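Fair warning: this is a prediction, and the values are worked out from it, not measured in the lab. Chain naming here is simple, since letters A, B, ... match the order of the sequence lines and numbering starts at 1 in each.
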Amino acid sequence: MSTSNSILIISCTSPYANQQSRAALDLALTAAAFEQPVSVVFMDDGILQLVEGQETSESKLKNVGKMVSALSIYEVEDIYAHQDSVDRSGLGEKLPEHVETIENSALAALIDQADQVMVF
Amino acid sequence: MSLHTVNKKTDCLHRCLALVTDKDAVLLLEDGVYAAVDCAENILLWESVSSELKIYAMKSDLAARGLSDKLLPQVEIVNWPDFVELTCHHDKVISWG
């Protein structure tokens, strides 16, 4: 199977509000497992998924922070945080260092280049 | 050239408009058609985008919501066969919610 389909995932929801954040990450990990080129951008409330130190043992929720960390294990390296969203959140320092920020114009270019774009 | 669809009345459209380019089109569906209404808030909303951007609104959704006759001049009303045509003429379809 040599046809590859580049997928850009834009994840805009907070980690524990509903299933959206987990669905986006599941899609990223699955596509990567099937060797499809995947990029992930966290935007608006989505950047809250990147906040380090999420501790879900008491609340019994599935830990979204751990799923985000799994991205690099599955070789999803192109992970971005939307610059404006980071600025508005005031959480810049709590985000992992390996996540690059991305401005609107660069993100528009990523959208243009991808074969498929899915927004969660 | 992407076709962007918006079907909710929340911040989905704002997110979309921050990232569209001149050659794209935006199709308002379901509750997204509320953004086609001629009112101060919507005039301001669309002001930030290029006049080249094509804006479409789904006829049946406008009718269902009683909005058919108070629309912004730049919005073009389309039906389901038009929707199919639009998806054929764009490289990809992006659903913003």
Side-chain angles (χ1 to χ4, degrees), chain A residues 3-14 17-25 27-28 31 36-49 78 80-89 100-120, chain B residues 1-36 41-42 44-58 61 74 83-97:
Chain A
T3 36
S4 101
N5 194 10
S6 67
I7 303 171
L8 171 63
I9 294 168
I10 305 180
S11 188
C12 308
T13 13
S14 58
N18 53 34
Q19 305 293 330
Q20 295 280 76
S21 59
R22 267 164 259 147
L25 292 168
L27 176 65
Q36 301 301 302
V38 182
S39 310
V40 183
V41 175
F42 294 91
M43 188 174 178
D44 292 339
D45 285 346
I47 61 159
L48 301 172
Q49 298 173 44
D78 297 331
Y80 303 94
H82 180 239
Q83 183 69 68
D84 287 352
S85 307
V86 173
D87 294 342
R88 270 180 277 130
S89 73
E100 273 184 65
T101 52
I102 188 169
E103 304 264 0
N104 284 340
S105 50
L107 180 49
L110 278 191
I111 288 173
D112 195 53
Q113 288 153 27
D115 292 317
Q116 287 197 61
V117 179
M118 300 184 72
V119 182
F120 287 81
Chain B
M1 295 176 31
S2 304
L3 175 65
H4 302 261
T5 69
V6 176
N7 68 326
K8 293 199 171 63
K9 202 182 175 296
T10 60
D11 49 346
C12 303
L13 181 56
H14 291 96
R15 200 174 281 149
C16 167
L17 294 183
L19 299 167
V20 291
T21 64
D22 292 4
K23 302 188 191 59
D24 294 344
V26 174
L27 171 59
L28 304 170
L29 299 166
E30 295 165 12
D31 271 6
V33 301
Y34 284 112
E41 185 181 328
N42 286 341
L44 215 58
L45 172 67
W46 294 103
E47 225 167 47
S48 61
V49 300
S50 155
S51 51
E52 306 270 312
L53 179 76
K54 296 239 175 278
I55 308 167
Y56 302 99
M58 183 58 78
D61 293 322
Q74 64 266 50
F83 185 178
V84 175
E85 286 262 355
L86 285 172
T87 57
C88 294
H89 286 131
H90 288 81
D91 298 329
K92 54 185 179 279
V93 180
I94 304 172
S95 300
W96 292 89

Please tabulate the donor-acceptor pairs under 3.5 angstrom that span chain B and chain A, backbone and side chains included.
from	atom 1	to	atom 2	distance (Å)
B/Arg15	NE	A/Asp44	OD2	2.5
B/Arg15	NH2	A/Asp44	OD2	3.0
B/Lys92	NZ	A/Ile111	O	2.8
B/Lys92	NZ	A/Asp112	O	3.0
B/Lys92	NZ	A/Ala114	O	2.9

If one checks every heavy atom of A/Met43 against chain B at 4.5 Å, the contacting part turns out to be side chain

One should read off an interatomic distance between B/Leu19 CG and A/Leu110 CG, to the nearest 0.5 angstrom, of 10.0 Å

With sequence neighbours left out, the residues meeting ring-ring contact (aromatic ring centres under 6.0 Å, His included) with B/Phe83 are B/Trp80

